[in-house]
Amino acid sequence: MEQRPVVLVVMDGVGKTDKDNGNAVMHAYKPQLDYLMANCPNTTIKAHGVAVGLPSDADMGNSEVGHNALGCGQIYSQGAKLVNESIESGAIYDSEAWKGAVSFAKDHTLHFIGLLSDGNVHSHINHLIAMVKQAKSEGIKKVRIHALLDGRDVPETSALKYVDQIEEVLADLNDNNFDARIASGGGRMVITMDRYEANWKMVEQGWHIHVLGEGRQFTSCKEAVETYRKELGCSDQDLPGFVIAENGAPVGTIEDGDSVILYNFRGDRAIEISKAFDSKEFSEFDRVRVPDVYYCGMLQYDGDLKIPNKFLVEPPHIKYTLSEFLVNKGVKSYAVSETQKYGHVTYFWNGNRSEKFDENLEVWEEVPSDVIPFEQRPWMKAAEVTDKLVEAIESGEYKFLRCNYPNGDMVGHTGNYEATLIGVEAVDLVLKRVMDACDKANAILIITADHGNADEMYEKKKKPEDAPKPKTSHTLNPVPFIIYNADVEIAEGDFGLSNVASTVAKLLGYEPDEHWNPSIIK
């Protein structure tokens with residue numbers, strides 16, 4: 001039997017639910033998806049919580065763990081769960097990186113940089129609290145926290161909840177021999193946490209704020225948040241950077257002899273600031289002053305490129321990926337997305353691996369993303385990504401092709417409902433071109449998503465008369481799984497993203513790897 005090509009489309013951030021809390025997926029004009037759901041084999045699959053290796057089903061999924069699961073067909077302990085286990089066992093404090101950071105900063109300052117929330121997507125405030133307490137117990141005398149404010153994985157104006165929480169902890173810990181304070185901060189979409197080198201200016205601004213202490217000064221983090229909200233009316237993720245000062249002097253610049261721990265566990269928005277601290281041949285911006293510090297991350301965010309060199313918790317060692325399986329079968333594959341999700345269909349898909357398993361059998365293409373607020377161009381680069389995908393399908397060169405459309409996630413994160421409708425519609429519009437190309441090439445098309453976002457754009461109302469409040473975080477909803485152009489039957493089972501790899505292998509005519517979770521089709 002002739003092997004038919006298989007095309008996998010990931011509609012990033014497009015969950016499925018019948019509930020309507022600003023459900024931009026439900027209300028979007030989407031004739032392609034409506035047709036597919038009505039006429040093709042389909043189901044919903046889990047994309048959050050334990051199904052993707054997170055601690056509990058109260059934990060929303062994200063693109064990183066989602067693409068790990070899609071690409072490897074298994075469930076690995078991820079991010080928060082890894083760190084939780086390491087802190088609970090004490091293994092984190094036995095790591096060379098922790099011991100090195102404490103030793104280096106003994107007579108200096110131990111700095112913590114990271115996202116201050118309990119969103120559990122990039123970080124968790126409990127991890128920070130545990131490490132600050134441990135630092136005091138090991139004789140560290142001075143700690144400074146550089147707080148990146150969330151409003152994206154948690155309610156959009158919840159920053160002061162976490163600021164008050166950490167300030168209360170610090171007040172209880174501080175004494176004549178221990179001095180811990182918040183030293184700087186700013187919104188996660190303004191400073192420090194850029195990803196995929198889309199906007200190095202964010203990282204440069206973070207460097208000036210955290211390291212050099214250059215920025216608008218306030219007497220406390222609370223004062224900074226309240227002042228910016230009053231002046232700008234923006235959500236936490238968009239708050240400008242700020243420096244905490246006393247008598248006109250910053251309370252926590254980063255100096256020679258200090259240690260710096262980036263306590264985010266998720267990699268994509270941790271790599272660039274890690275490069276700025278860790279790279280000897282750094283040229284992305286003028287750092288002005290480069291202090292001699294001991295720098296480490298919560299995890300190693302890129303194992304192949306060794307970023308950073310030192311880290312507290314070992315990342316999951318993912319084996320038996322679909323990419324390696326196909327390379328061993330001699331199958332040529334293709335991956336494409338725009339910058340915002342390019343790393344997801346390559347690095348995360350390949351099991352946190354920057355390198356290809358085979359340079360000849362794996363082809364990756366990136367479409368540069370626009371560096372503008374996503375709500376201003378919610379169609380993003382869907383058309384350009386589709387141009388490349390269709391060309392690859394029609395070439396007949398590949399047996400497995402995958403792409404990611406970031407619109408539902410990246411536009412969904414802005415909290416702008418009208419723009420997110422357009423983002424979902426833009427993806428639906430280009431799906432027609434992909435379907436037509438699959439028809440022409442006799443290819444099988446799988447359409448799914450990595451987690452929800454656009455399906456819930458408003459926070460649930462506390463009172464019926466309350467005005468809708470934008471929701472900028474991911475959802476706990478399942479995601480669609482649709483197969484087009486194949487006469488197959490959906491199996492019975494409780495499926496998640498980790499069941500997709502076996503399904504792809506089966507559609508290609510192979511017996512799935514014995515380590516993978518079962519196929520979604522019979």
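Residue indices begin at 1 and follow the sequence shown.
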For this session: Return yes if some donor-acceptor pair links the side-chain N/O of Asn264 with the main-chain N/O of Arg266 below 3.5 Å, else return no.
Result: no

Exercise. Should Asp236 and Arg229 count as an ion pair when the cut-off is N to O under 4.0 Å?
Worked result: yes

For this session: Using atom types as modelled and distance alone, determine if a side-chain donor or acceptor of Arg377 lies under 3.5 Å from a backbone N or O of Trp379.
Result: no

Problem set entry | Any side-chain heavy-atom pair of Trp200 and Val203 under 4.5 Å | yes

Exercise. Which distance, rounded to the nearest 0.5 Å, do you find between the CE of Met193 and the CD of Gln237?
Worked result: 10.5 Å

For this session: Quick one: which residue pairs count as a ring pair (Phe, Tyr, Trp, His ring centres under 6.0 Å) with a foot in residues 397-422, not counting sequence neighbours?
Result: Tyr334-Tyr398, His413-His474, Tyr417-Tyr458

Problem set entry | Contacts of Lys471 that satisfy salt bridge (Lys or Arg N to Asp or Glu O under 4.0 Å) - sequence neighbours left out | Glu456

For this session: Output, in order, the C-alpha distance, side-chain angles, deciding distance and verdict of side-chain hydrogen bond (donor to acceptor under 3.5 Å, both in side chains) for Asn350 and Glu362.
Result: CA-CA 11 Å; Asn350 271 15; Glu362 294 180 88; 3.1 Å; yes

Problem set entry | Donor-acceptor pair, side chain of His124 and main chain of Asn120, under 3.5 angstrom | no

Problem set entry | Leu421 vs Met457 side-chain heavy atoms within contact, under 4.5 Å | no

Exercise. When rounded to the nearest 0.5 angstrom, what is the spacing between CZ in Phe481 and CD1 in Ile45?
Worked result: 6.0 Å

For this session: Answer yes or no: is there a donor N or O on one side and an acceptor on the other, between the side chain of Asp238 and the main chain of Ser235, under 3.5 Å?
Result: no

Exercise. Does a donor on one side chain and an acceptor on the other come within less than 3.5 Å for His344 and Asp12?
Worked result: no

Exercise. Could you give all pairs that pass the side chain to side chain donor-acceptor pair (under 3.5 Å) test and reach residues 70-83, with sequence neighbours left out?
Worked result: Asn68-Gln78, Gln74-Tyr76

For this session: Apply side-chain hydrogen bond (donor to acceptor under 3.5 Å, both in side chains) to Asp153 and list each qualifying residue two or more places apart in sequence or on a separate chain.
Result: Arg188

Exercise. Taking Asn453 for the side chain and Gly13 for the main chain, is one N or O donor matched with an acceptor at less than 3.5 Å?
Worked result: no

Problem set entry | Under 3.5 Å donor-acceptor, Asp409 side chain and Pro406 backbone | no

Exercise. Do His451 and Ser63 have side-chain atoms, one donor and one acceptor, less than 3.5 Å apart?
Worked result: yes

Seminar exercise, completed: Rounding to 0.5 Å, atoms CG (Leu115) and CG (Asp150) come to a distance of 4.0 Å

Exercise. Who passes ring pair (Phe, Tyr, Trp, His ring centres under 6.0 Å) against Phe277, sequence neighbours left out?
Worked result: Trp207, Tyr295

Exercise. Do other residues, nucleotides or ligands put more than 12 heavy atoms under 6.0 Å from Glu391 CD?
Worked result: no

Exercise. Distance from Leu149 atom CG to Thr157 atom OG1, nearest 0.5 Å?
Worked result: 12.0 Å

Problem set entry | Test item: Thr472 side-chain N/O and Gly415 main-chain N/O as donor-acceptor pair under 3.5 Å | no

Problem set entry | Any pair counted as salt bridge (charged side-chain N to carboxylate O under 4.0 Å, His left out), so long as it reaches residues 319-338, sequence neighbours left out | Lys332-Glu397

For this session: Determine whether Ser502 and Asn517 make a side-chain contact, defined as any pair of heavy atoms from C-beta on separated by less than 4.5 Å.
Result: no

For this session: Compare all side-chain heavy atoms of Lys356 with those of Ser333 and state whether any distance is below 4.5 angstrom.
Result: no

Problem set entry | Heavy-atom side-chain proximity of Val479 to Leu497 below 4.5 angstrom | yes

Exercise. How long is the gap from CD on Glu375 to OG1 on Thr414, to the nearest 0.5 Å?
Worked result: 4.5 Å

Exercise. Going by atom types alone, do Asp194 and Asn199 pair a side-chain donor with an acceptor below 3.5 Å?
Worked result: no

Seminar exercise, completed: From the list Ile482, Leu445, Thr386, side chain to side chain contact (heavy atoms under 4.5 Å, CB included) with Val9 holds only for Leu445

Seminar exercise, completed: The single option from Met298, Gln300, Glu85 that satisfies side chain to side chain contact (heavy atoms under 4.5 Å, CB included) with Val313 is Met298

For this session: Without swapping roles, check the side chain of Ser274 against the backbone of Pro308 for a donor-acceptor pair under 3.5 Å.
Result: no

Exercise. Does the side chain of Tyr347 reach to within under 4.5 Å of the side chain of Asp268, using non-hydrogen atoms?
Worked result: no

Problem set entry | Summary of side chain to side chain donor-acceptor pair (under 3.5 Å) pairs that have at least one residue in residues 430-443, sequence neighbours excluded | Arg4-Asn442, Asp387-Arg433, Lys432-Asp436, Asp439-Tyr484

For this session: Would you please name every residue forming a salt bridge (Lys or Arg N to Asp or Glu O under 4.0 Å) with Asp450, sequence neighbours left out?
Result: none

Problem set entry | salt bridge (charged side-chain N to carboxylate O under 4.0 Å, His left out) partner of Lys388, chosen from Glu365, Glu366, Glu394 | Glu365

Seminar exercise, completed: Taken in chain and number order and not counting sequence neighbours, the residues that satisfy ring pair (Phe, Tyr, Trp, His ring centres under 6.0 Å) with Tyr320 are His515

Exercise. Could you give the distance from CG (Leu431) to CG (Leu33), rounded to the nearest 0.5 Å?
Worked result: 5.5 Å

Problem set entry | Heavy-atom side-chain contact between Leu36 and Met435 under 4.5 Å | yes

For this session: Begin with the C-alpha distance, continue with both residues' side-chain angles, and end with the deciding distance and a verdict on side-chain contact (heavy atoms from CB on, under 4.5 Å) for Lys306 and Asp278.
Result: CA-CA 10 Å; Lys306 310 299 181 191; Asp278 228 16; over 6 Å; no

Exercise. Side chains of Asn477 and His48: donor-acceptor distance under 3.5 Å anywhere?
Worked result: no

Exercise. Quick one: do Lys46 and Asp494 make a salt bridge, cutoff under 4.0 Å?
Worked result: yes

Exercise. Does any donor atom in the side chain of Tyr29 or Asp428 lie under 3.5 Å from an acceptor atom in the other side chain?
Worked result: no

Seminar exercise, completed: In short, side chain to side chain donor-acceptor pair (under 3.5 Å) pairs touching residues 13-22 with sequence neighbours left out are Asp20-His27

Problem set entry | Test log, rule side-chain contact (heavy atoms from CB on, under 4.5 Å), inputs Leu389 and Val430 | CA-CA 11 Å; Leu389 179 61; Val430 297; over 6 Å; no

Exercise. Would Val331 and Tyr510 count as a side-chain contact (heavy atoms from CB on, under 4.5 Å) if you check the C-alpha gap in whole Å, the side-chain angles of each, and the deciding distance to 0.1 Å?
Worked result: CA-CA 11 Å; Val331 174; Tyr510 298 116; 3.2 Å; yes

Problem set entry | Non-neighbouring partners of Lys399 that pass salt bridge (Lys or Arg N to Asp or Glu O under 4.0 Å), sequence neighbours left out | none

Exercise. Is there side-chain contact between Val10 and Val345, with heavy atoms separated by less than 4.5 Å?
Worked result: no

Exercise. Got a sec, which residues hit salt bridge (Lys or Arg N to Asp or Glu O under 4.0 Å) with Glu272, two or more places apart in sequence or on another chain?
Worked result: none

Problem set entry | Side-chain (Lys30) to main-chain (Val424) donor-acceptor, under 3.5 angstrom | no

Exercise. Do side-chain atoms of Thr448 reach the backbone of Pro480 as a donor and acceptor pair under 3.5 angstrom?
Worked result: yes

